[in-house]
Number of protein chains: 2
Amino acid sequence: MQTENLSQRTAETLRAQILEEKKYRPGEKLPNENELAESLGISRTTLREAIRTLASEGLLEVRRGRGTFVAGELDRVAAESVNMQELVRMQVTLRDLYEARMIFEPQAAALACKRATDEEIERILALGAECQRQLQIDPRGKNRIASESAFHGAIIKAAHNDFLSQFMPTLTQTIEQTFALNYNLDVIAEDAYKDHILIMDFLKKRDARGVKSAVTVHLHHAVQHEQISFEEL
Amino acid sequence: MQTENLSQRTAETLRAQILEEKKYRPGEKLPNENELAESLGISRTTLREAIRTLASEGLLEVRRGRGTFVAGELDRVAAESVNMQELVRMQVTLRDLYEARMIFEPQAAALACKRATDEEIERILALGAECQRQLQIDPRGKNRIASESAFHGAIIKAAHNDFLSQFMPTLTQTIEQTFALNYNLDVIAEDAYKDHILIMDFLKKRDARGVKSAVTVHLHHAVQHEQISFEEL
DNA sequence: ATTCTAATAGTTGTCATACAACTATTATAG
DNA sequence: CTATAATAGTTGTATGACAACTATTAGAAT
């Protein structure tokens with residue numbers, strides 16, 4: 001599979017030289033572009049495209065008039081992102097992703113229960129009601145899925161944790177993207193309807209433990225058709 | 001602050017045209033490089049560097065011989081990564097990050113308890129012992145911190161969840177990076193020593209709930225000097 | 001008519017070269 | 001000794017050319 005182009009292959013070569021071979025240390029200056037290109041046996045144009053890729057990843061830092069440098073260790077750490085694309089490529093299993101979701105979504109819901117403002121609770125309930133309506137109209141429709149995400153999203157948001165707020169949608173969307181196909185929406189619909197009632201009830205009462213359990217159950221329902229088994233936690 | 005170079009400014013222009021102006025829709029093909037460069041009033045070289053940046057972010061997909069395309073909606077979602085650098089920039093608070101850690105790490109430890117091979121348990125115990133040694137030698141030394149990370153990391157890894165294995169180190173390193181400074185290592189050391197014993201004991205017995213609680217306590221000890229208060233979960 | 005093949009148009013990939021623009025150092029003038 | 005100018009080193013941008021790949025189209029063979 002010689003499908004990748006030269007500039008991308010070069011980017012990988014450099015990445016390996018930095019990260020694995022440690023040919024260039026954090027903070028160290030790379031040879032200038034002309035030298036480096038020649039030593040790699042490629043044109044400067046191609047090298048520059050490779051450098052752009054690595055700079056965009058945060059591994060390199062290009063300073064005009066001075067040179068190109070390997071990012072310092074701290075910056076490098078910060079650059080290590082959780083890239084969903086990567087995860088898909090490295091074949092992280094659905095089980096792993098769902099497991100992660102099952103760990104933190106119920107907890108986030110519990111937090112929401114304690115931290116949500118009254119307005120937020122109202123909004124969540126409204127979204128939940130809309131969700132129930134969509135479930136009855138067309139359990140397989142796009143609107144149903146959208147309203148469900150909105151419902152879940154509003155709950156997460158009410159947890160008032162910026163990290164979770166940003167992280168959660170990425171995870172759930174990745175899950176949906178990867179496996180939206182073999183999802184049996186009809187079967188799930190009945191369970192979902194009842195689950196939502198539970199979740200909303202507990203939210204109204206601000207019963208954190210109740211919400212947490214209800215969300216856990218809800219996620220189990222959503223996943224039980226995937227023949228994934230989860231351990232007790 | 002006209003500091004950014006033209007190719008990067010062009011990347012931002014294109015990003016805005018796609019994300020905000022919606023001039024190009026998901027899946028849509030961009031004009032070819034010659035036309036686009038001309039219409040932007042820049043050289044093809046510069047445009048290509050901008051495209052590399054966006055392609056590396058996952059927003060564009062370049063197909064040789066066919067053209068350059070805006071990533072489909074699904075792919076785009078996958079490209080949305082949780083970038084720690086971003087999070088730091090948007091001032092996600094330490095509390096948020098730690099809260100996330102407190103949600104994930106104890107559960108991960110519990111999973112490890114059930115899924116670790118005997119060899120993994122052995123290795124974790126060895127790392128734990130090393131950690132204890134370092135704690136006595138020099139509670140503030142670099143080695144102590146490194147061995148502690150190794151210990152925690154090995155536990156996470158034993159959970160056999162590829163997602164968590166990639167995600168947790170990023171989270172913990174970000175936390176450490178952000179506030180390694182105002183860490184009172186001396187005070188923590190005593191607690192840590194006892195916590196480690198607990199954690200290792202429960203691991204040996206493969207008591208998942210025990211480990212989970214012990215890790216929770218450990219994290220609370222690590223954070224209690226930061227004057228962050230956490231809700232009950 | 002159908003299928004295979006070859007030509008072709010459209011596109012990205014790579015190269016070589018030149019010069020502009022910026023940065024840091026060194027040499028020079030005052 | 002200081003301020004300024006020259007200079008060397010480096011990245012940034014532009015141009016033009018051609019290679020390599022993809023999809024379509026035209027044409028030939030069946």
Side-chain angles (χ1 to χ4, degrees), chain A residues 1-15 17-18 23-72 75 79 85, chain B residues 1-15 17-18 23-72 75-76 79:
Chain A
M1 188 135 107
Q2 165 70 324
T3 167
E4 263 181 331
N5 66 37
L6 181 56
S7 68
Q8 291 313 284
R9 269 160 21 221
T10 302
E12 278 157 37
T13 301
L14 285 175
R15 196 188 290 114
Q17 285 186 348
I18 295 167
K23 186 167 177 179
Y24 306 107
R25 295 276 163 174
E28 191 179 339
K29 180 177 165 301
L30 262 51
N32 74 52
E33 297 180 347
N34 283 310
E35 284 176 26
L36 194 49
E38 190 178 8
S39 82
L40 290 167
I42 62 177
S43 76
R44 196 182 151 210
T45 311
T46 304
L47 172 62
R48 277 182 62 84
E49 292 193 2
I51 290 176
R52 270 277 154 277
T53 300
L54 297 178
S56 146
E57 289 173 12
L59 186 59
L60 293 180
E61 194 180 337
V62 182
R63 299 178 207 161
R64 180 173 196 174
R66 300 178 59 190
T68 301
F69 300 78
V70 177
D75 300 322
Q85 220 166 12
Chain B
M1 186 140 102
Q2 167 69 326
T3 166
E4 261 182 333
N5 66 38
L6 181 54
S7 69
Q8 292 312 284
R9 271 163 16 224
T10 303
E12 277 157 36
T13 303
L14 285 175
R15 197 188 289 114
Q17 286 186 348
I18 294 168
K23 186 167 177 179
Y24 306 107
R25 294 275 163 177
E28 192 180 337
K29 180 178 164 302
L30 263 51
N32 72 53
E33 297 179 346
N34 284 309
E35 285 177 24
L36 193 50
E38 190 178 9
S39 82
L40 289 167
I42 61 175
S43 76
R44 197 182 150 210
T45 312
T46 304
L47 172 61
R48 278 181 62 84
E49 292 193 2
I51 289 176
R52 270 278 152 276
T53 299
L54 297 178
S56 144
E57 288 173 13
L59 186 59
L60 293 179
E61 192 180 337
V62 182
R63 301 179 205 159
R64 179 173 198 176
R66 298 177 60 190
T68 301
F69 300 78
V70 177
D75 299 323
R76 187 119 60 85

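Throughout, a chain's letter reflects where its sequence line sits, starting with A, and its residues are numbered from 1.
Between A:E4 atom CD and C:dT12 atom C1' there is a gap of 15 Å when expressed in whole angstrom units. In this entry the distance linking CD1 of B:I51 with P of D:dT13 reads 14 Å, nearest Å. As rounded to whole Å, 16 Å separates atom C1' of C:dA20 from atom CD1 of B:I42. The interatomic distance linking A:Q8 (CD) with C:dT12 (P) rounds to 15 Å, in whole Å.
With B:T10 contributing its side chain and B:L6 its backbone, the two residues share a donor-acceptor pair below 3.5 Å. Judged by distance alone, the side chain of A:R9 and the main-chain N or O of A:E4 form a donor-acceptor pair under 3.5 Å.
Interatomic distance, CD of B:E12 versus CG of B:L54, reported as 9.5 Å (0.5 Å rounding).
Listed by chain and residue number, nothing satisfies the side-chain contact (heavy atoms from CB on, under 4.5 Å) test with B:E38 (two or more places apart in sequence, or in another chain). Shown here are the side-chain hydrogen bond (donor to acceptor under 3.5 Å, both in side chains) partners of B:S43, two or more places apart in sequence or in another chain: B:T46. When the side-chain hydrogen bond (donor to acceptor under 3.5 Å, both in side chains) test is applied to A:E33, the partners found at least two apart in sequence or on another chain are A:R44, A:R48. Not a single side-chain hydrogen bond (donor to acceptor under 3.5 Å, both in side chains) links B:N34 to another residue, sequence neighbours left out.
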Q. Going 5' to 3' along nucleotides 3-12 of chain D, which nucleotides have protein heavy atoms under 4.0 Å from the base (write B), which only from the sugar-phosphate (write S), and which from neither (write -)?
A. ------BBBB

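Residue contacts for B:T46: at a heavy-atom cut-off of 4.0 Å it reaches the sugar-phosphate backbone alone, with no base atom in range.
Inter-axis angle, ends of the helix from C:dA1-D:dT30 to C:dG30-D:dC1, five pairs per end, rounded to 10 degrees: 10°.
Annotation: side chain of A:E57 is in contact with side chain of B:S56 (closest heavy-atom distance under 4.5 Å).
OP1 and OP2 of D:dT13 both lie 4.0 Å or more from every side-chain N or O belonging to B:S43.
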